[in-house]
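Quick note: numbers below take in every heavy atom, side chains included, and nothing from hydrogens, waters or symmetry partners.
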Amino acid sequence: MIKTKSKDEAYLTWFTDGQHECLSDTTVDKGGGNAGFRPHDLLEAALACCITMTARMFAEQHGIPLRQARTTVQLNRENANETILEVETEFDGELSAEQIERLQAATRACPVRKTLSKTIRFVEPA
């Protein structure tokens, strides 16, 4: 669970999971101070981090010599009726084509991607 609290500066928002904390803000052109991650950045980060972690875990569990995984996620909002998350993942190490394919398949099953692929509902107290 994430809890947030607005700060004195316009739109600056502190958030925590009870153990870690960070700041979110919006850009100067939208009235913010650009003092933290934009909310859409955090959505991109959640998916990118999960993909990278999944690759590392899968490689470790299956003896794949992965030195490093890098993931870039960009939210494409050009189509008003569709949200597109453009994902690019790179793997470093002495990897065979088969190992790369296995890593790619594993990352497509990361928990955040699974969550974002489902129907999403918002529930608020009455």
Backbone of Ser96 reached by a side-chain donor or acceptor of Gln99 within 3.5 Å
yes
Any chance CZ of Arg56 has more than 12 other-residue heavy atoms, nucleotides or ligands included, within less than 6.0 Å?
no
Atom of Leu66, atom of Ala55 and distance for their closest heavy-atom approach
CD2-O, 3.7 Å
Please check if the side chain of Asp25 supplies one atom and the backbone of Gly33 the other of a donor-acceptor pair under 3.5 Å.
yes
Heavy-atom nearest pair, Lys7 first then Trp14, reads CD-CB, 3.8 Å
Using only heavy-atom distances, determine whether the side chains of Arg70 and Gln68 contain a donor-acceptor pair under 3.5 Å.
yes
Residue pair Thr26 / Arg38: nearest heavy atoms and the distance that separates them
CA-CG, 4.3 Å
With a sphere of 6.0 Å drawn around CD of Glu60, does it hold more than 12 non-hydrogen atoms of other residues, nucleotides or ligands?
no
Decide yes or no for Lys114 and Pro111: does some side-chain heavy atom of the first lie under 4.5 Å from some side-chain heavy atom of the second?
no
Using a 4.5 Å cut-off on heavy atoms from C-beta on, say whether the side chain of Glu88 contacts that of Glu90.
yes
Ile2 vs Thr16 side-chain heavy atoms within contact, under 4.5 Å
no
Between Cys110 and Leu47, which heavy-atom pair has the shortest distance, and what is it?
SG-CD1, 4.0 Å
More than 12 heavy atoms of other residues, nucleotides or ligands under 6.0 Å from CZ of Phe91: yes or no?
yes
Determine yes or no for a side-chain-to-main-chain donor-acceptor pair under 3.5 angstrom, with Thr107 supplying the side chain and Gln104 the backbone.
yes
Cluster check Met1, Val123: I/L/V/M/F/W/Y, side chain < 4.5 angstrom:
no
Looking only at the side chains, is there a donor atom on one of Thr13 and Ser24 sitting less than 3.5 Å from an acceptor on the other?
no
His40 and Arg77: which non-hydrogen atoms are nearest, and at how many Å?
CE1-NH1, 2.9 Å
Contact summary for Glu44 and Leu75, nearest pair of heavy atoms
OE2-N, 2.7 Å
Supply the atom-to-atom distance Thr54 OG1 to Leu103 CG, rounded to the nearest 0.5 angstrom.
10.5 Å
